Novice: 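The structure follows.
Letters A, B, ... are given to chains in the order of the sequence lines, protein chains preceding strands, and every chain is numbered from 1. Predicted, not measured: the structure shown is a model, and the values here were computed from it.
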Amino acid sequence: MNERFDPSEADGRWQRVWDERQCFRAEDGGSKPRSYVLEMFPYPSGRIHIGHVRNYTMGDVLARYKRMQGFEVLHPMGWDAFGMPAENAAMEKGVHPGGWTRENIANMKAQLKRLGFALDWSRELATCDPEYYGHEQALFIDLYRAGLVYRKESAVNWDPVDQTVLANEQVIDGRGWRSGALVEKRKLSQWFLRITDFAEELLEGLGALDSWPEKVRLMQENWIGKSQGLRFRFAVADPPAGMADSFEVFTTRPDTLFGASFAAIAAEHPLALALAENDPKAAAFIAECRKGGTTAAELETAEKHGYDTGLRVVHPLDPAIRLPVYIANFVLMDYGTGAIFACPAHDQRDLDFARKYGLPVRRVVAEGDKADAVFLGDEAYTGPGRLVNSGFLDGMDVDAAKAMVIARAESEGWGQGETQYRLRDWGVSRQRYWGTPIPFIHCEACGVVAVPKDQLPVVLPEDVDFSTPGNPLLRHPTWKHVDCPGCGKPAQRETDTLDTFVDSSWYFLRFASQPADKPFDRDEIARWLPVEQYIGGIEHAILHLLYARFWTRALKRIGLVDVAEPFASLFTQGMVTHETYSRTDPANGQPVYFSPGEVERGADGAVLTADGAPVEIGRVIKMSKSKKNVVDPDEIVATYGADAIRWFMLSDSPPERDLPWSEAGIEGCGRFVQRLWRLFCQYDGAATGEDKALDRKRDQTVAAVAEDIEALSFNKAVARIYELTSAVEKAAPSASRSQAIRTVLLLVAPMMPHLAEEAWAAIGAGDPGSLVAEAAWPPVDPALLVEDEVTVAVQVKGKLRDTLTVAKGIARDELEALALASDKVQRALDGAEVKKVIVVPDRLVNIVA
RNA sequence: GCGGACGUGGCGGAAUGGUAGACGCAGCGGACUUAAAAUCCGCUUGGGCAUCCCAGUGCGGGUUCGAGUCCCGCCGUCCGCACCA
């Protein structure tokens with residue numbers, strides 16, 4: 001037997017064995033209980049990132065553990081292969097997005113294989129394959145027929161120089177990332193999915209997802225943003241000829257109606273557009289509002305601007321009150337009715353606006369005993385309180401006043417209570433090439449016509465030109481020209497493609513079932529879904545996870561699946577971080593970054609290898625290419641082996657938190673791999689003799705590690721394995737010790753599968769020719785889990801003074817007597833009178849003097 | 001702006017309201033070696049430096065026999081915001 005474990009030789013050998021024996025292929029038939037373990041599939045950017053390694057290692061440990069526990073495990077992998085980076089590569093390097101993507105997939109697949117993940121590669125899919133996106137097009141048509149897809153006008157970021165639509169990411173400080181031109185909002189007719197139809201059930205469904213992180217559920221709840229309020233109609237006083245004589249507003253604070261100081265409408269509001277026709281200043285203001293991008297952060301942090309239309313509306317509760325109507329940039333056309341009434345005293349945005357334009361600010365909710373009608377300061381009061389300065393509402397609390405105003409509006413017929421959601425319908429149109437073509441045809445006679453299903457997939461053309469900005473599908477000479485499937489006359493294909501979030505909204509279904517003639521088989525889906533454990537980054541907490549939940553529910557509504565929630569349990573992992581190394585460039589004061597490979601790190605500083613002079617060690621932040629604080633998983637695998645990097649990914653940091661990468665850490669993991677190898681080599685199947693304490697430690701560890709893995713608390717499982725390893729190393733030879741060595745091997749098998757296989761074969765701990773990959777999780781003797789002695793803490797006035805080792809289950813008064821008899825306790829008491837003794841059996845005695 | 005989280009030694013972290021710092025990394029001392037690496041043993045929150053005591057979980061209050069843990073108010077850091085994936 002070798003003295004060292006050589007991963008560079010052994011890793012690949014075992015990976016081939018697993019492949020040849022198809023160890024990780026999920027069988028659709030069979031009687032075993034099923035477990036579907038899924039990690040979010042990667043975008044094929046070119047190289048596996050260390051964050052992927054962390055994500056897939058966690059899933060792999062769980063999948064291998066479940067297999068050891070006797071489950072039929074589905075653990076698939078695929079590629080979220082559409083998206084902008086491929087088009088950027090096409091523009092920058094002149095390569096084809098498809099070729100670039102497929103090459104990346106080949107490279108990344110090889111990288112994943114080198115990490116030894118227990119994946120069922122027979123189910124691999126890439127969303128850019130026509131076999132995949134063709135089925136997606138069919139599903140999209142099904143949803144269209146069910147009324148869940150529609151078209152409407154919506155704003156996009158428009159680059160006026162490049163004449164192209166920009167993603168939010170491509171807008172830097174309000175300018176196009178390539179042209180540098182100031183970005184504008186532009187309206188386009190686009191495709192939408194009716195997710196708002198599902199707002200209530202998506203919200204309610206969260207309640208049953210008790211294995212999801214609380215924070216994710218809360219974020220989704222806030223995103224859906226259910227609120228109860230009042231929709232009511234403002235009558236315009238003396239409306240100009242040809243102008244609407246009223247408009248609707250929605251408010252969640254009808255209680256503050258007497259504090260109204262103005263009304264405001266969005267720049268895109270029909271009334272605003274109508275006014276602009278005869279009012280050049282209004283038109284100019286609306287044009288001004290069109291400048292800038294479409295992100296929420298940008299809209300809400302922009303300075304508030306308004307334009308007084310000169311119109312006045314009548315206060316619904318007191319016709320004597322007239323309120324000015326502004327067009328305001330902070331009112332969103334997408335939420336509510338696109339128009340508001342403003343109560344500055346109790347809404348911060350309204351207050352900012354009112355102070356800027358010198359509008360009245362009237363308090364209507366008392367803040368403690370502050371009840372003056374004149375509201376001072378620049379901070380709105382949004383807390384609870386009694387209504388004041390509000391006529392018939394005076395004295396009520398906020399909730400009662402809300403109900404009262406709604407009841408009055410309904411009885412008088414000028415408004416009604418309404419439930420409103422912040423959630424907006426999902427715009428899925430993208431004016432780009434590298435995505436799923438939207439399977440529709442525009443015909444002058446027939447209108448919008450779905451492509452007949454027997455003509456799917458609508459395949460992307462290969463011959464496209466990226467030499468100029470804009471959508472290559474739109475300017476392709478022939479692709480869009482087709483005959484209308486309805487009337488046969490010349491018509492045009494839709495040239496928008498689908499948001500890549502659509503691709504990732506159903507891939508987990510296709511993994512479970514892959515018939516050629518339809519997207520999936522309903523019964524096969526029922527056998528595997530829901531995913532038992534889904535693992536991915538917290539950055540997907542809202543969008544991807546909400547879209548996937550919506551898509552699954554939509555498919556259920558149209559009768560294609562039986563499951564409503566796709567992911568029974570969700571885990572969101574933290575990022576992998578690394579310190580940064582930099583120097584300040586004297587020419588411009590900007591930092592120049594160096595990669596870890598260019599730097600030598602000492603205990604109290606770091607120097608650049610090239611010149612030996614120090615570099616500044618920066619904060620530990622998320623790995624990113626621009627900061628050069630990245631490490632390449634391939635290099636780590638080449639140096640330390642797959643098991644060392646896997647072990648590092650699981651050690652120390654709790655999986656939901658950030659994991660700081662360090663050279664010292666990975667070296668320590670490499671050393672531990674060898675330490676285990678030496679221990680495994682000491683296995684002696686012929687050893688005799690019992691070691692009761694070690695047996696106990698062994699079974700306690702097995703039970704605890706199982707619990708930790710199931711809770712995904714890998715860092716705790718790792719710590720326990722270290723403890724058991726130390727205990728076994730120190731123990732004298734015995735049958736118990738050999739058994740414990742074999743147990744350690746099985747415990748680390750999901751985490752370090754290559755080492756475990758190599759040792760399993762070398763020491764003959766299992767049947768000849770058997771694999772750890774097919775071994776069972778070690779059994780536990782429940783009798784050994786219970787300790788017969790416990791250590792009890794003895795406190796005097798809450799401070800620890802002594803500890804006692806006593807038989808488990810000792811009587812309260814006996815324990816109390818032992819505690820009082822302690823010298824240390826008596827010294828601490830120093831003759832003081834004992835007033836009270838608190839006894840927590842088997843844990844603690846606290847003596848209060 | 002809105003929403004969400006996090007804060008414990010030199011570092012990552014552990015701790016059903018009940019012995020704070022398990023376990024790992026780094027560091028220090030020792031053994032082995034011609035030497036180094038590897039390995040093994042020991043120490044390692046701060047202070048008085050003593051098998052004893054005091055202080056200590058971002059800051060300030062509170063609840064409790066007892067608070068890292070619960071409550072209130074701050075401070076700091078990070079993440080998401082609908083066309084990045």
Side-chain angles (χ1 to χ4, degrees), chain A residues 3-4 40 42-43 45 80 82-85 156-157 165-171 190 195 213-216 218-219 221-223 225 293-302 304 330 334 348-349 352 422-432 499-501 503-504 537-544 546-547 574-575 577 603-604 619-622 648 651-654 656-660 662 664-669 671-672 674-675 678 715-716 718-723 726 729 791-795 797-803 824 827 835-838 840 843-848:
Chain A
E3 275 180 31
R4 285 182 64 80
M40 293 178 185
Y43 176 77
S45 57
D80 189 13
F82 275 135
M84 289 200 304
V156 294
N157 300 306
V165 176
L166 297 177
N168 284 338
E169 190 189 52
Q170 298 171 317
V171 179
Q190 305 197 65
I195 190 172
E214 185 62 40
K215 63 175 171 181
V216 174
L218 193 58
M219 278 193 253
E221 188 181 320
N222 289 332
W223 189 260
T294 58
T295 71
E298 198 175 338
L299 294 174
E300 285 167 34
T301 51
K304 291 171 184 61
F330 71 95
D334 291 321
Q348 190 60 48
R349 287 177 303 180
D352 293 344
R422 204 185 69 103
L423 183 69
R424 309 199 298 261
D425 273 338
W426 177 11
V428 293
S429 282
R430 299 292 181 271
Q431 295 70 39
R432 273 185 273 281
D499 180 3
T500 57
F501 274 120
D503 309 332
S504 54
I538 184 68
E539 66 274 20
H540 295 291
I542 297 174
L543 293 181
H544 161 59
L546 192 64
Y547 291 149
M575 295 178 300
T577 58
D604 49 358
R619 290 192 318 122
V620 177
I621 55 170
K622 178 179 182 174
F648 186 96
S651 305
D652 293 352
S653 289
E656 70 277 11
R657 282 214 227 157
D658 289 352
L659 170 67
S662 76
I666 184 67
E667 279 172 28
C669 293
R671 280 198 298 271
F672 185 62
Q674 299 302 335
R675 184 175 154 199
R678 289 192 299 274
N715 58 320
K716 292 192 223 168
V718 162
R720 291 184 198 284
I721 290 171
Y722 274 118
E723 283 186 67
S726 296
E729 283 171 338
T791 304
V792 173
V794 182
Q795 298 179 336
K797 287 185 278 187
K799 281 196 174 183
L800 182 73
R801 294 299 172 188
D802 201 359
T803 58
K824 290 174 182 169
R827 215 180 315 149
K835 292 183 186 142
K836 191 175 174 187
V837 179
I838 286 135
V840 182
R843 285 218 76 126
L844 163 140
V845 179
N846 187 14
I847 296 158
V848 186

Novice: Could you check B:G21 for me: syn (within 90° of 0) or anti?
Specialist: anti
Novice: Taking the same atom, C1', in B:G60 and in B:G7, what whole-Å distance lies between them?
Specialist: 16 Å
Novice: Hey, does A:Pro42 reach any base, or is it just sugar-phosphate, or nothing, if we go heavy atoms under 4.0 Å?
Specialist: nothing
Novice: So A:Ala541, base contact, sugar-phosphate only, or nothing? Heavy-atom distance under 4.0 Å.
Specialist: nothing
Novice: When you measure from the side-chain N and O atoms of A:Lys799 to the phosphate of B:A55, is any distance below 4.0 Å, counting only OP1 and OP2?
Specialist: yes
Novice: What would the secondary structure line of RNA chain B be in dot-bracket form, counting Watson-Crick and G-U wobble pairs under 3.5 Å, with [ ] for pairs that cross earlier ones and | for pairs with another strand?
Specialist: (((((((..(((.....[....))).(((((.......))))).((((...))))..(((((..]....))))))))))))....
Novice: Closest approach to the side chain of A:Ala296, judged atom by atom: which nucleotide of B:U39, B:G1, B:C83 is it?
Specialist: B:G1
Novice: Base, sugar-phosphate, or nothing: which does A:His544 touch, judged by heavy atoms less than 4.0 Å apart?
Specialist: nothing
Novice: Pick base, sugar-phosphate or nothing for A:Ser726, based on heavy-atom distances below 4.0 Å to the nucleic acid.
Specialist: nothing
Novice: B:C81, B:U16, B:C40: which one has an atom nearest the side-chain heavy atoms of A:Arg675?
Specialist: B:C40
Novice: When the C1' atoms of B:U77 and B:C28 are considered, how many whole Å apart are they?
Specialist: 33 Å
Novice: Among B:C83, B:G18, B:A15, which is the nearest nucleotide to the side chain of A:Gln431?
Specialist: B:C83
Novice: Which whole number of Å gives the distance between the P atom of B:G62 and that of B:G56?
Specialist: 15 Å
